[in-house]
Number of protein chains: 2
Amino acid sequence: MGYCCLMAVDREHVLRSAADLLTRRSTATMDEVAKAAGISRATLHRHFAGRDALVRALESLGIEECEAAVDAARLDDGPAGEAVRRLVREIQPAAGLLAFLYGESQLWEGEPQNDGWARLDARIGAVFQRGHQSGEFRVELTPAWLTEALYGLIASGAWAVQDGRVAARDFPTMVAELLLGGATRREES
Amino acid sequence: MGYCCLMAVDREHVLRSAADLLTRRSTATMDEVAKAAGISRATLHRHFAGRDALVRALESLGIEECEAAVDAARLDDGPAGEAVRRLVREIQPAAGLLAFLYGESQLWEGEPQNDGWARLDARIGAVFQRGHQSGEFRVELTPAWLTEALYGLIASGAWAVQDGRVAARDFPTMVAELLLGGATRREES
DNA sequence: CCAGTGTGAGACATTGACGTCTCACATGGG
DNA sequence: CCCATGTGAGACGTCAATGTCTCACACTGG
């Protein structure tokens, strides 16, 4: 009955367009989500029991994409700074979804957050810690804060791109260079 | 009838507690906002015609506090980096409100935004531009992006403080030093 | 004392989104 | 050909938040 493949493709497509829409308008209606996916609200409900289920599925998708980006970035290889640059580049396609989830996570107060985020926080925090230990990064900025700031800058960057204030091709530079080097100009070394 | 003074004080108090609450839970009910202010929902409606009016009043309050912080920071004086540090320090008390409004502004799509934001963007963007012209700041990072990133980092910092991931006393350092200097350690000059 | 004013409490209708259900239709496989 | 499965359209009922209204009460100044 083609359950695993056809359904999965459809579900994937629905998730993608829902992510696209909710990234722009995080309060979009189930109706709008359905229209955006080109299906009816009834069919949307057949895939996802309700809005909560949809958001939780998007959360899982976001975690998967982040993990994939972290894998692809090989955070343990080479200088920590280069690892962060690779991470930002790999994570750009998921930036919109991340921005949506970052805003949404401010609302889930009390509910136990998905373990996936804790795992990701640990993996990303580790690269900043490595930078500290190697003397590459400043010790005044804690790994927890740098991780938080990375999420925040990714969200800000995604919104700036969406509103046309930043070109999409400049996203990796803007985010990574600000996070790593800051605004102040380097002295020639 | 004491309209201008007594009403203003009450209105101010209501706005403050609404800002406190909505900073933590941006979807709080009018009922909850009223409880938080220690008044009834009816009285809340007597001060603010509806939720929209409340949010718009909070927006005006946020703009006022930002303008005050920008004034107090004397952005035109001294090195641009020091000006940004002063700005972050002055703006910290309003950081929670700013974070709420920053998230909310993602929803006002289409509606003409308050001129106040444009004025603030211009004033803050100017200090980054000044840093560019003086050679103090890197030209790869545009003033528009640095302004956006400043808002984003302030919001991230406010949330991190609220969740206890960063100490309130470290807020100015974390935000300003990341924005200006980035994570990479400076060579001794 | 008393009139005026602001307030709290609560009832009420409205609105918008949600979740469930039914039914007709189409498409594809046996 | 015919049946089955998935879909679209739409009609409900539900529920939470909102906005409006009324009424009783407390306080305050004349």
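Note that the structure is predicted; figures quoted are calculated from it, not measured.
Residue D10(A) has its side chain nearest to dT7(D) when only dG8(D), dT7(D), dG8(C) are considered. Listed nucleotides: dT7(C), dA9(C), dT18(D). Nearest to the side chain of A42(B): dA9(C).
Without hydrogens or angle criteria, E32(A) side chain to T29(A) main chain gives a donor-acceptor distance under 3.5 Å. Within the 3.5 Å criterion, the main-chain N or O of G81(A) finds a donor-acceptor partner in the side chain of E136(A). H132(B) places no side-chain N or O within donor-acceptor distance of the main-chain N or O of T142(B), the cut-off being under 3.5 Å. Not one N or O on the side chain of E65(B) forms a donor-acceptor pair closer than 3.5 Å with the backbone of P93(B). Judged purely by atom type and a 3.5 angstrom limit, R165(A) has no side-chain atom pairing as donor or acceptor with the backbone of A144(B). Here the side chain of R138(A) pairs a donor or acceptor atom with the backbone of G182(B) at under 3.5 angstrom.
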key: M30(B) vs F48(B), side chain to side chain contact (heavy atoms under 4.5 Å, CB included): CA-CA, chis, key distance, verdict   = CA-CA 10 Å; M30(B) 292 294 276; F48(B) 304 97; 5.7 Å; no
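Of all heavy-atom pairs spanning L179(A) and L178(B), the tightest one is O-CD1, 3.5 Å. Between D71(B) and R123(B) the shortest heavy-atom distance is OD1-NH2, 2.7 Å.
Straight-line distance from the CZ atom of F48(B) to the C1' atom of dT20(D): 19 Å, rounded to whole Å. The NE2 atom of H45(A) sits 15 Å away from the P atom of dT7(D) (whole-angstrom rounding). Residue L44(A) contributes atom CG, which lies 17 Å from atom P of dG6(D) at whole-angstrom precision. In this structure, the CZ atom of R11(A) is 13 Å from the P atom of dT7(D), given to the nearest Å. Across the protein-nucleic acid pair, H47(A) atom NE2 and dC18(C) atom C1' stand 19 Å apart, rounded to whole Å.
Residues from residues 23-35 of chain B lying near DNA chain D, meaning a heavy-atom separation below 4.0 Å, are T29(B), M30(B) in numerical order.
Across the helix from dC1(C)-dG30(D) to dG30(C)-dC1(D), the helix axis at one end is tilted relative to the axis at the other end by 0° (nearest 10 degrees, each axis from five pairs).
Between W145(A) and V175(B), some side-chain heavy-atom pair lies under the 4.5 Å cut-off.
In this structure, Y151(B) has its ring center no closer than 6.0 Å to that of W159(A).
Side-chain N/O atoms of T43(B) include one lying less than 4.0 angstrom from OP1 or OP2 on dG8(C).
Counting distance only, with no hydrogens placed and no angle test, the side-chain atoms of R41(A) and the base atoms of dG8(D) include no donor-acceptor pair under 3.5 Å.
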Contacts under 3.5 Å, N or O only, protein and nucleotides 23-26 of chain C:
none

